> 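Here it is: the structure, laid out below.
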Amino acid sequence: MTTLSLSTSSAASLRADAIVIGLVKGADGPVVAAGGETVETAFDGALASVLEALGATGAEGETTRVPTAVGAGSLKAPVVIAVGVGTVADDGFDHEQLRRFGGNTARAATGLNKVGVALALDDPASVEAVALGAALGAYIFDTYREKSLEGRKAAVKEVVLLGAKARDKAAKAALERALVVAESVNRARDLVNTPPNHLNPKSFAAIAVDLGKNFGFKVDVMDEKALAKGEFGGILGVGQGSQHPPRLVRLGYTHPDAERSIALVGKGITYDSGGLSLKPPGSNETMKMDMAGAAAVLGAVAAIARLDLAVNVTGWLALAENMPSGTATRPGDVLRMYGGRTVEVLNTDAEGRLVLADAITRACEEDPEKLVDVATLTGAMMVALGNKTFGIIANDDDFRTAVHDAAERTGEPSWPLPTPAELRRSLDSTVADLKNIGERMGGGLSAGIFLREFVAEGVSWAHLDIAGPAFNEGEVSGYTPKGGTGVAVRTLVQLAADVADGTI
Ligand code: BES
Ligand code: MN
Ligand code: ZN
C-alpha cells in the first residue's frame, strides 16, 4: 500500500516528484484551495491564471500539470499537479469530497515515488478523509500479470500530507485509522479480484486463519465433514456440485470492556455459475465477485480488531462454489437447512440465500444483539438501485435507519427498502416449508424476506444487498477502482464503532 505520512515541511522545501494542490471551481474561474499558498507564491501569485490558461476549471477529478521551472523556481519539486475538487460549500469541503480528492491525487501521481499534498487539513477528520482516499485510490491489482508495475503494489509509493498539524496526536491517530481501514478495504478488493481458479472455499478459509493470527481474532473453520455432522443442509446443498467442498468460518473478536455484540454474516460464493440453473454467457463473467460479502466481513473484523473497538463481534463466512455436475443440487430438490427447516430449491442460481440461511441460524445461536448480513444477492437489486448503491432491508426500522446513517457517514451510498407483507406468500412451497424463489417482481425484497425467516426472535437484523456496488465494471473515479470495490467494509466498521460507543 502507499506509505502515508504527515509533515511540517513547506511545499517549497519538500523534496518530492510533485506537489499536489487542490483546485476549487469558483464563480470566476479556478481558485487554489487553502494550503496551496506557498505554491502560489512560487508562481508569483499567477498559479490560478496559469492553470486557467491551461484549461483547468477546478471540476472534480480534473488534473492539470505545470512544471515549476516556469514559475519563480522556488519549489524543490519539478511539477505541480492541480487536482480539481469541484465547488465548495460555504462551510468548507465535505468529507466525501476530501476522500475523492485523496483518490484522484493518488491516481494522478501514478508512477511517481513521492508526492507532497499542499492542502489545509484543519481537523483530524479531514486528515482521515484525504489519507483514506489516497490509500484507496492508489490501489493496484497486478498479482496475475507477468510483469507487475515494478512491484510497486500501489500507484504512488509515498504521499506526504503537508497541511495538517503533524505533531498533533489526534491527526496522527486519524492517519493510523485511515491506514487500517484502507488496508482492510484493499484486502477485500484483492479477494474479490482473485480469479475463481485461484480462490475457493478452502483457500479463502486459510486466508481468514492467517489474518486472525496476525490481528488477534479467533478463527474456527468447519470443513465439509463438520458441516455434514452439524447438518448444514443449505451450505452443503449449494456446494455439493463442486470439486471444492464448502466451508463455514467463524471469526471471533472480543474486547474486555465490551458490553454489546454484533454478528456479521457474509455470502461467500467463490464462483456462481448458477449451478444446474446455469447462467448464460455474459452473466457469468464477473461471478468471481459473488464472495464480496464474505470479503467485506473478513475485512471489517480485521479492521475492528486492529482498531481495538470495545464491542464483541462474530463474523461468519458462508463459503461455497456453485457448480453444475452429476452431484449438484437439482431444481426440485428439497434441502433440510441447519436448524431443521426445509427448502424446495426451484432455482439453483438463488444459492446465496441458502448458504446465508444456515450461517444466520448458526450466528443467532450465540445471541448477538444485532446481526448484519452482506451479500451480492440479487440482480433485481441492481435493477432497482443501479451500480453504486446497496439496498438495506431489516426487521427493525430503527436499526435500518442506523445502518443507512452509518453508511452515509462513511461515504458508501445505500438506500432503505421495505418488506411488503404480500411477498412472503410467494415463498410458500407445496412440498417444503419454503421455496427458494418468490415472484419475479420485487426479487431483491423477497430474497430479504427469505433471509428474515432464519433470524432468531429478538435479534435486530439488517441485510445489505451489495450486488451493484461490489464490482465496478464502469470507469475508475475518485477512490473507486475497476473490479472489486471493497464496499461495505467501511459501513460495517462504522457500525461496530457506533455500537461500541453506544450511539446505536
Ligand atoms: N450472485 C447472484 C446475484 C448477482 C447478479 C450479483 C449479478 C451480482 C451481479 C445471485 O446468486 C443470483 O444469481 N440471483 C438470482 C436470483 C434469482 C434466480 C431468483 C438473480 O438475481 O437473478
Ligand atoms: Mn446465483
Ligand atoms: Zn450468487
Side-chain angles (χ1 to χ4, degrees), residues 192-193 196 199-201 204 234-235 237-242 246 265-296 317-324 328-333 343-359 373-391 393 417 423 426-427 429 434-451 463-474 482-485 487-488:
V192 171
N193 289 331
L199 187 76
N200 56 52
F204 195 138
I235 296 179
V238 171
Q240 74 189 36
S242 169
V265 180
K267 170 179 173 180
I269 302 298
T270 56
Y271 184 67
D272 183 11
S273 71
L276 287 170
S277 312
L278 195 63
K279 286 181 187 293
S283 298
N284 58 17
E285 290 165 6
T286 58
M287 279 305 135
K288 66 175 181 181
M289 58 81 103
D290 214 19
M291 33 53 70
L317 315 179
L319 307 173
E321 186 183 48
N322 188 21
M323 295 291 269
T329 291
R330 314 157 189 81
D333 281 356
V343 175
E344 183 186 12
V345 179
L346 290 178
N347 190 322
T348 61
D349 200 10
E351 84 296 340
R353 62 197 76 182
L354 299 172
V355 300
L356 287 170
D358 277 7
D373 78 73
V374 190
T376 47
L377 204 60
T378 64
M381 195 57 75
M382 303 167 75
V383 174
L385 297 177
N387 287 323
K388 304 259 181 231
T389 306
F390 64 79
I393 288 171
L417 291 162
L423 285 183
S426 71
L427 295 169
S429 161
L434 287 165
K435 59 186 166 84
N436 79 328
I437 49 170
E439 66 183 77
R440 199 172 73 85
M441 295 298 168
L445 311 183
S446 51
I449 292 168
F450 181 94
L451 296 178
H463 156 62
L464 316 185
D465 190 337
I466 60 168
F471 199 80
N472 178 21
E473 290 187 76
K482 282 186 190 266
T485 61
V487 71

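Being a predicted model, the structure only gives us computed values, none of them experimental. Order of listing sets the numbers, starting from 1, for every ligand and every atom in it.
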> Met289 heavy atoms, cut-off 4.0 Å: which ligand 1 atoms fall inside?
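Atoms satisfying the 4.0 Å criterion: 8 (C).
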> Kindly say whether Leu423 contributes a backbone atom to a donor-acceptor pair with the side chain of Ser426 at under 3.5 angstrom?
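Yes; judged by distance alone, with no hydrogens or angles, the pair exists.
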> Taking side chain to side chain contact (heavy atoms under 4.5 Å, CB included) as the criterion, tell me which of Leu354, Leu427, Asp349 meets it with Asn436.
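The option that passes is Leu354.
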> Restricting to non-hydrogen atoms, name the atom on Ala380 and the atom on Gly444 that form the minimum distance, rounded to 0.1 Å.
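The pair with the smallest heavy-atom distance is CB-N, 3.5 Å.
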> Which ligand 1 atoms does Asp272 reach within 4.0 Å, using its non-hydrogen atoms?
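Near Asp272, the atoms of ligand 1 are 1 (N), 2 (C), 10 (C), 11 (O), 13 (O).
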> Is the shortest distance from a heavy atom of Arg353 to ligand 1 less than 4.0 Å?
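Arg353 counts as a contact of ligand 1 under the 4.0 Å cut-off.
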> Looking only at protein heavy atoms, which one is nearest to atom 12 (C) of ligand 1, and what is the separation?
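Answer for atom 12 (C) of ligand 1: Asp349 O, 3.2 Å.
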> Just checking, is any N or O donor in the side chain of Ser446 or Glu439 under 3.5 Å from an acceptor N or O on the other one?
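Looking only at side-chain atoms, Glu439 and Ser446 do not form any donor-acceptor pair under 3.5 Å.
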> Between Leu385 and Phe390, is there a side-chain heavy-atom distance shorter than 4.5 Å?
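They are not in contact (no side-chain heavy atoms under 4.5 Å apart), so the answer is no.
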> Do the non-hydrogen side-chain atoms of Val355 and Ile269 ever get within less than 4.5 Å of each other?
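In contact.
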> Among the N/O/S atoms of Asp290, which is closest to the Zn ion (ligand 3)? Give the atom name.
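Atom name returned: OD2.
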> Could you identify the N, O or S atom of Glu351 positioned closest to the Mn ion (ligand 2)?
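Glu351's closest N, O or S atom to the Mn ion (ligand 2) is named OE1.
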> Could you list the atoms of ligand 1 found under 4.0 angstrom from a heavy atom of Ala467?
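Contacts of ligand 1 toward Ala467, numbered from 1: 6 (C), 8 (C).
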> In terms of residue, atom name and distance, what is the protein heavy atom nearest to atom 7 (C) of ligand 1?
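Of the protein heavy atoms, Met287 CE, 3.5 Å lies nearest.
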> Within the 4.5 Å heavy-atom criterion, are Asn387 and Asn472 side-chain neighbours or not?
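They are not in side-chain contact.
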> Compare all side-chain heavy atoms of Glu473 with those of Lys482 and state whether any distance is below 4.5 angstrom.
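With C-beta onward as the side chain, the pair stays apart.
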> Would you say that Phe471 contacts Thr376 through its side chain, given a criterion of any heavy-atom pair below 4.5 Å between the two side chains?
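Sidechains of Thr376 and Phe471: no contact.
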> What do you reckon, does Met381 put a non-hydrogen atom under 4.0 Å from ligand 1?
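Heavy atoms of Met381 never come under 4.0 Å of ligand 1.
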> Considering distance alone, does some N or O of Glu351 sit under 3.5 Å from an N or O of ligand 1?
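Checking ligand 1 against Glu351, an N or O pair does fall under 3.5 Å apart.
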> List ligand 1 atoms under 4.0 Å from Thr376, heavy atoms only on the residue side.
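Atoms satisfying the 4.0 Å criterion: 1 (N), 2 (C), 3 (C), 6 (C).
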> Can you name the N, O or S atom of Asp272 that is closest to the Zn ion (ligand 3)?
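In Asp272, the N, O or S atom with the shortest distance to the Zn ion (ligand 3) is OD2.
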> What about Met382: any of its N or O atoms under 3.5 Å from an N or O on ligand 1?
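There is no such contact.
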> Less than 4.5 Å apart, side chain to side chain, heavy atoms only: is that true for Leu434 and Glu344?
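Leu434 does not reach Glu344 side chain to side chain.
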> If you consider just the N/O/S atoms, which atom of Glu351 is the closest one to the Zn ion (ligand 3)?
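Going by distance to the Zn ion (ligand 3), the closest N, O or S atom in Glu351 is OE2.
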> For Leu377, which part has a heavy atom under 4.0 Å from ligand 1: side chain, backbone, both, or neither?
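Contact part for Leu377 vs ligand 1: backbone (N, CA, C, O).
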> Would you sort out whether Lys267 and Asp373 count as a salt bridge (charged side-chain N to carboxylate O under 4.0 Å, His left out), showing the intermediate values?
CA-CA 8 Å; Lys267 170 179 173 180; Asp373 78 73; over 6 Å; no
> Looking from the Mn ion (ligand 2), what is the angle between OD1 on Asp349 and OD2 on Asp272, to the nearest 10°?
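Value returned, to the nearest 10°, is 100°.
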> Specify whether an N/O/S atom of Gly352 falls short of 2.8 Å from the Zn ion (ligand 3).
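No.
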> As an exercise, identify every atom of ligand 1 less than 4.0 angstrom from a heavy atom of Ile437.
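So the atoms of ligand 1 that pass are 19 (C).
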> Compute the minimum heavy-atom distance from Lys267 to ligand 1 and say whether it is under 4.0 Å.
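The answer is yes, since Lys267 has a heavy atom less than 4.0 Å from ligand 1.
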> With distance as the sole criterion, is a donor-acceptor pair present between the side chains of Asn322 and Thr348 under 3.5 Å?
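No - no donor-acceptor pair under 3.5 Å links their side chains.
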> Side-chain contact, heavy-atom cut-off 4.5 Å: Thr270 with Pro196?
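Heavy-atom side-chain distance check fails, nothing below 4.5 Å.
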> With only distance considered, is Asn347 within less than 3.5 Å of ligand 1 through an N or O on each side?
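No, Asn347 has no N/O under 3.5 Å of an N/O on ligand 1.
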> Quick one: does atom 21 (O) of ligand 1 have a protein heavy atom under 4.0 Å from it?
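Protein heavy atoms within 4.0 Å of atom 21 (O) of ligand 1 - there is at least one.
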> Students should be able to answer this: which protein heavy-atom is nearest to atom 1 (N) of ligand 1, and at what distance?
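Among all protein heavy atoms, the one nearest atom 1 (N) of ligand 1 is Asp290 OD1, 2.8 Å.
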